[in-house]
Amino acid sequence: MSVVSLLGVNVMNNPAKFTDKYEFEITFECLEQLEKDLEWKLTYVGSATSDQYDQELDSLLVGPIPVGVNKFIFEAEAPNISNIPDADILGVTVILLTCAYDDREFVRVGYYVNNEYDSEELNAEPPAKPLVERVRRNVLAEKPRVTRFAIKWYQPEADLVADGEEYGAEEAEEEAAEEAAEEAAKAKEGDDSAMGGVEHENGNEQPAHPDEDEMSEDGSVDIEGESEDELEEEEAEAEAEAGEDDAMEVDGNEKPDAAPAAKPVTVAS
């Protein structure tokens, strides 16, 4: 949505002599507070065949702009006749009223202008050299052509600095790349530790869980490093367990695990 909306343009002195000033009463609405002024311009199209004859008749800065509906008078000098080809002084041409904010045009109003002599005789038989003082202009104010353009009213500070020209941009990119490489290396090192364990000082790998014994290829537990006392204690425990098993056997028969079942008893009536 446009912050400034053109509500109307009134061509005040119309028709008028070719050499008279242009006068416009411009009404517009501003919806928000603006930091900069509005720049209004009036351009006269000197020839339909080439833009080299276009003339900027005047420009005006309007501001500060209060929020709400605003109205002002814009005056511009007549075009310089010496910059217009003689063949293009008479006939139909165009004037352009434009407005820009921060060098960004957001509205353009075009009017057709008919230039002709003030008498039927001169119009019927125009002289070879135009009589500018007898030429009158008529702006077709009832049929303007309005064109609106979408612009950035509040340009971010980042847009004010061209890409790659910001101070320290290259250094910041290099630091970011180095940090990313370090993070990737740490992540890879962590994955390797979790999968393969941590190496001992002597170069052997330690299991991922130190509390668990390392299993050999045949599935047995490696007990290398146990002392002779510990082995003797284990043998004594094994013999004691074997003695208990022998005590449970009687005459070659196993001792029953539980007492015999009770016999049935007959109760007299």
Side-chain angles (χ1 to χ4, degrees), residues 2 4-30 37-63 65-66 68-101 103-151:
S2 180
V4 176
S5 299
L6 182 63
L7 300 181
V9 178
N10 181 26
V11 183
M12 300 182 66
N13 57 338
N14 189 52
K17 293 182 179 181
F18 185 87
T19 55
D20 288 347
K21 291 182 177 181
Y22 287 89
E23 295 181 9
F24 300 92
E25 183 185 61
I26 301 174
T27 305
F28 65 93
E29 183 179 14
C30 183
D37 298 340
L38 297 177
E39 184 178 16
W40 297 84
K41 292 182 181 180
L42 183 64
T43 303
Y44 184 89
V45 179
S47 175
T49 59
S50 176
D51 58 1
Q52 64 176 332
Y53 300 108
D54 292 356
Q55 299 182 44
E56 183 180 312
L57 303 183
D58 206 345
S59 63
L60 177 66
L61 292 176
V62 178
I65 307 296
V69 177
N70 300 271
K71 182 184 295 185
F72 71 100
I73 303 297
F74 180 28
E75 295 183 354
E77 296 292 337
N80 187 347
I81 195 70
S82 62
N83 295 333
I84 303 174
D86 291 344
D88 294 321
I89 292 179
L90 299 176
V92 178
T93 187
V94 174
I95 57 173
L96 299 173
L97 178 66
T98 63
C99 188
Y101 178 75
D103 295 327
R104 297 188 289 272
E105 181 181 333
F106 65 90
V107 66
R108 176 185 301 175
V109 184
Y111 294 97
Y112 287 110
V113 180
N114 185 31
N115 297 317
E116 60 182 3
Y117 286 112
D118 56 3
S119 68
E120 295 182 1
E121 293 79 6
L122 290 175
N123 288 324
E125 296 182 4
K129 183 68 174 178
L131 302 176
V132 180
E133 64 276 5
R134 299 291 302 273
V135 177
R136 294 179 63 84
R137 68 168 187 252
N138 183 18
V139 180
L140 303 181
E142 295 81 10
K143 297 180 179 180
R145 182 180 180 87
V146 182
T147 306
R148 295 177 174 84
F149 307 95
I151 67 170

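- At least one donor-acceptor pair closer than 3.5 Å links the side chain of Arg137 to the backbone N or O of Asp20.
- Between the CD atom in Glu56 and the CG atom in Leu96 there is a gap of 11.5 Å [rounded to 0.5 Å].
- Under the side-chain contact (heavy atoms from CB on, under 4.5 Å) criterion, Pro66 pairs with Asn70, not counting sequence neighbours.
- Using a 4.5 Å heavy-atom threshold, the side chains of Tyr22 and Phe74 count as separate.
- Here the side chain of Asn10 pairs no donor or acceptor atom with the backbone of Glu25 at under 3.5 angstrom.
- Closest approach of Pro126 to Asn123, counting heavy atoms only: CD-O, 3.7 Å.
- The ring of Phe24 has its center no closer than 6.0 angstrom to the ring center of Trp40.
- Pro144 and Val109 make their closest contact through CB-CG1, 3.8 Å (heavy atoms, listed as atom of the first residue, atom of the second, distance).
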For this session: Mind running side chain to side chain contact (heavy atoms under 4.5 Å, CB included) on Thr43 and Thr98 for me, showing each step along the way?
Result: CA-CA 8 Å; Thr43 303; Thr98 63; 5.6 Å; no
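- Atom OG of residue Ser5 and atom CZ of residue Arg148 lie 7.0 Å apart, to the nearest 0.5 angstrom.
- To the nearest 0.5 Å, atom CG of residue Leu7 and atom CD of residue Glu29 are 5.5 Å apart.
- Residues Thr27 and Val69 have side chains in contact (heavy-atom distance under 4.5 Å, counting atoms from C-beta outward).
- Among all heavy-atom pairs drawn from Asp37 and Gly63, the shortest one is OD1-CA, 3.2 Å.
- Among Lys17, Arg136, Arg134, the single residue meeting the salt bridge (charged side-chain N to carboxylate O under 4.0 Å, His left out) criterion with Asp118 is Arg134.
- The 12-atom threshold is exceeded at CD of Glu133, counting heavy atoms of other residues, nucleotides or ligands nearer than 6.0 Å.
- Within 6.0 Å of the CZ atom in Arg104, the count of heavy atoms belonging to other residues, nucleotides or ligands exceeds 12.
- Using a 4.5 Å heavy-atom cutoff, the side chains of Tyr117 and Val135 are in contact.
- Side-chain contact between Ile26 and Leu97: present, with at least one pair of heavy atoms (C-beta onward) separated by less than 4.5 Å.
- Separation of atoms CG (Asp58) and NZ (Lys41) is listed at 11.0 Å; rounding is to 0.5 Å.
- Checking side-chain atoms of Asn14 against main-chain N and O of Val139 turns up a donor-acceptor pair under 3.5 Å.
- Here the closest heavy-atom approach between residue Phe28 and residue Ile65 is recorded as CE1-CG2, 3.8 Å.
- Although no hydrogens or angles enter the test, the distance criterion places no donor-acceptor pair under 3.5 Å between the side chain of Thr93 and the main chain of Gly46.
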For this session: Under the side chain to side chain contact (heavy atoms under 4.5 Å, CB included) rule, what do Leu140 and Asn114 come out as? Steps first, then yes or no, please.
Result: CA-CA 8 Å; Leu140 303 181; Asn114 185 31; 5.5 Å; no
For this session: Decide yes or no on side chain to side chain contact (heavy atoms under 4.5 Å, CB included) for Glu39 and Asp103, but give the supporting numbers first.
Result: CA-CA 8 Å; Glu39 184 178 16; Asp103 295 327; 4.2 Å; yes
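- To the nearest 0.5 angstrom, Phe18 atom CZ is 9.0 Å from Leu90 atom CG.
- Identified under the salt bridge (Lys or Arg N to Asp or Glu O under 4.0 Å) test for residues 68-97, with sequence neighbours left out: Lys21-Glu77, Asp86-Lys129.
- Expressed to the nearest 0.5 Å, how far CD1 of Ile73 lies from CG of Leu60 amounts to 11.0 Å.
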Exercise. Tyr44 and Ile84: side chain to side chain contact (heavy atoms under 4.5 Å, CB included), yes or no, with the steps?
Worked result: CA-CA 10 Å; Tyr44 184 89; Ile84 303 174; 3.6 Å; yes
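- In this view, Asn80 and Ser82 satisfy the side-chain hydrogen bond (donor to acceptor under 3.5 Å, both in side chains) rule, not counting sequence neighbours.
- Within the 4.5 Å cutoff, side-chain heavy atoms of Tyr101 are placed close to those of Ile151.
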